[in-house]
2 protein chains.
Amino acid sequence: MQERRADIIARELEERIFDGTLPAGARLDEVRLAEHFGVSRTPLREALQGLARSGLVELVPRRGAFVRKLGPVELMEMFEVMAELEVVCGRLAAKRISEAALDELRAANARCRAAVEAGDPEAYYAGNERFHGIIYRESGNGFLEGETRALHRRLKPFRRRQLRLRGRMAQSMQEHEAILAALEAGDEAMAAEALRGHVAIQGEKFFCLMSSLKPAAAE
Amino acid sequence: MQERRADIIARELEERIFDGTLPAGARLDEVRLAEHFGVSRTPLREALQGLARSGLVELVPRRGAFVRKLGPVELMEMFEVMAELEVVCGRLAAKRISEAALDELRAANARCRAAVEAGDPEAYYAGNERFHGIIYRESGNGFLEGETRALHRRLKPFRRRQLRLRGRMAQSMQEHEAILAALEAGDEAMAAEALRGHVAIQGEKFFCLMSSLKPAAAE
DNA sequence: GTCAACTTTTTTGTATACAAGAACGCCGGG
DNA sequence: CCCGGCGTTCTTGTATACAAAAAAGTTGAC
């Protein structure tokens, strides 16, 4: 076998946590999961250890593993960091981006525009993700790219639903145009500011959404 | 037992990787390590999985675990990200820092100054770490603080030796003064720039050092 | 009827056992 | 003398077994 079962299991669990199949706070029963994956508890526990290290799962001694649930404060903090990472990627990319990558960005933006016109949030989301991914890559810093992608991925379940907010897609689209313009001009400061606004607003929107839905989600 | 053995082992191994007892590229023999820690291979492997997740160890299927060795490119990338994280912490701290924390910073700086005068790099390093740690904390963002601390810790072995470079301590001290002044003034931009220079220079110095010592450390 | 202490049961944490693949050495051929 | 094929040995990956701790259920007293 090329890959460890533990790795496969880890990715599978990660996916299920991200997509909500395993909801926050859910207890991860070792024997049941092991049975589900058709392995013994050993590789499953190894996977759990890994997930715990990367903060997705909480391991309470003698009590078991739980999907880590993020409180509002921690979530807001993560959105803030996300915005800053995007800013850094954008600033570096403004200096380092290639002409070919600019073309890719234009193409991604074109898809986004089509999605806006079609009123298709799913398609917009996909295009948006592509757009940002290109910027991460063009930061020219692989480590930064990896960290940014990781956090992006982690925040995914909390970001997705916002696109349904009225007018958000169109506004986001305009912001993309501004970001693209800044990158084309190689203007670091402008790219930074455009990105900060574009991403920071997600955190804010998220909190509007959350506080309107759950009066007191404090833990 | 309150804590998992795997956790204890993970921390212990982490420590040994950071302080160089386990050099980069070293193979981590499971049975030997298990014997050394007085446990079986099971908890040891769990610890290894965790370390692999956080990027300290590389797990090659069917070949074993190795202390991940960072190439020059990756290292430079990490220094770049470190600088940016410090900048973000500083910028946020400029807005959010408390008077008490400013006092702490002044105290840390006083210790640094004493260390400069005494020509004691170890003491300076300790003071410097304290100084930066306070800024991380005063960013008011616990997640950011954690991530920044983690990277700081990870780069520790590569940062330490530079203080011996002629004049570096004195220069660093001056930079600290500038950073403190910016934070006292609540000047975000100034704090950001002062910190960026202060930290970015470490990456540069590191590369001067490295390229002068090892002509071709490429892998 | 409620609460508390005890017992049973489940579940975690660790050790050990076993199977499969990789490193190593050995032997024969060129 | 060097090199390639083969078997041995060592190491990893996984399963299973067992011990200890927590959870759940039960019984008895008040």
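In what follows, chains carry the letters A, B, and so on, assigned in the order in which the sequence lines appear, proteins first and then strands, with residues in each chain numbered from 1. For the numbers below, each heavy atom of this structure counts, side chains included, while hydrogens, waters and symmetry mates do not.
The pair B/E80-A/K95 fails the salt-bridge criterion, with no side-chain N (NZ, NE, NH1 or NH2) lying under 4.0 Å from an Asp/Glu carboxylate O. Ion pairing between B/R4 and B/E46 fails under the 4.0 Å rule for side-chain N and carboxylate O.
Counting to the nearest Å, the P atom of C/dT10 and the CD atom of A/E35 are 14 Å from each other. Atom-to-atom, CZ of B/R27 to P of D/dT11 comes out at 7 Å; the value is rounded to the nearest Å. Between the CD atom of A/Q49 and the P atom of C/dT14 there is a distance of 9 Å, given to the nearest Å. One atom, CZ of A/R41, and another, P of C/dT12, lie 6 Å apart when rounded to the nearest Å. Atom CG of B/D7 is separated from atom P of C/dG13 by 9 Å (rounded to the nearest Å).
Comparing D/dT14, C/dT11, C/dT14 against the side chain of A/R45 picks out C/dT14 as the nearest. The side chain of B/R4 sits closest to C/dG13 out of D/dT14, D/dG13, C/dG13. Checking D/dA15, D/dA20, D/dT12 against every side-chain atom of A/R62, the shortest atom distance belongs to D/dA20. Minimum atom distance to the side chain of B/P43 is reached by C/dA15, of the listed D/dT14, D/dT12, C/dA15. Checked against C/dA20, C/dT14, C/dT12, the side chain of B/S40 finds its nearest nucleotide in C/dT14. The listed nucleotides are C/dT12, C/dA17, C/dA23; the one nearest the side chain of B/R63 is C/dA23.
For the atom pair B/R153 CZ and B/K156 NZ, the distance stands at 6.5 Å (nearest 0.5 Å). Note that CZ of A/F79 is 12.5 Å distant from CD of A/E74, once rounded to the nearest 0.5 Å.
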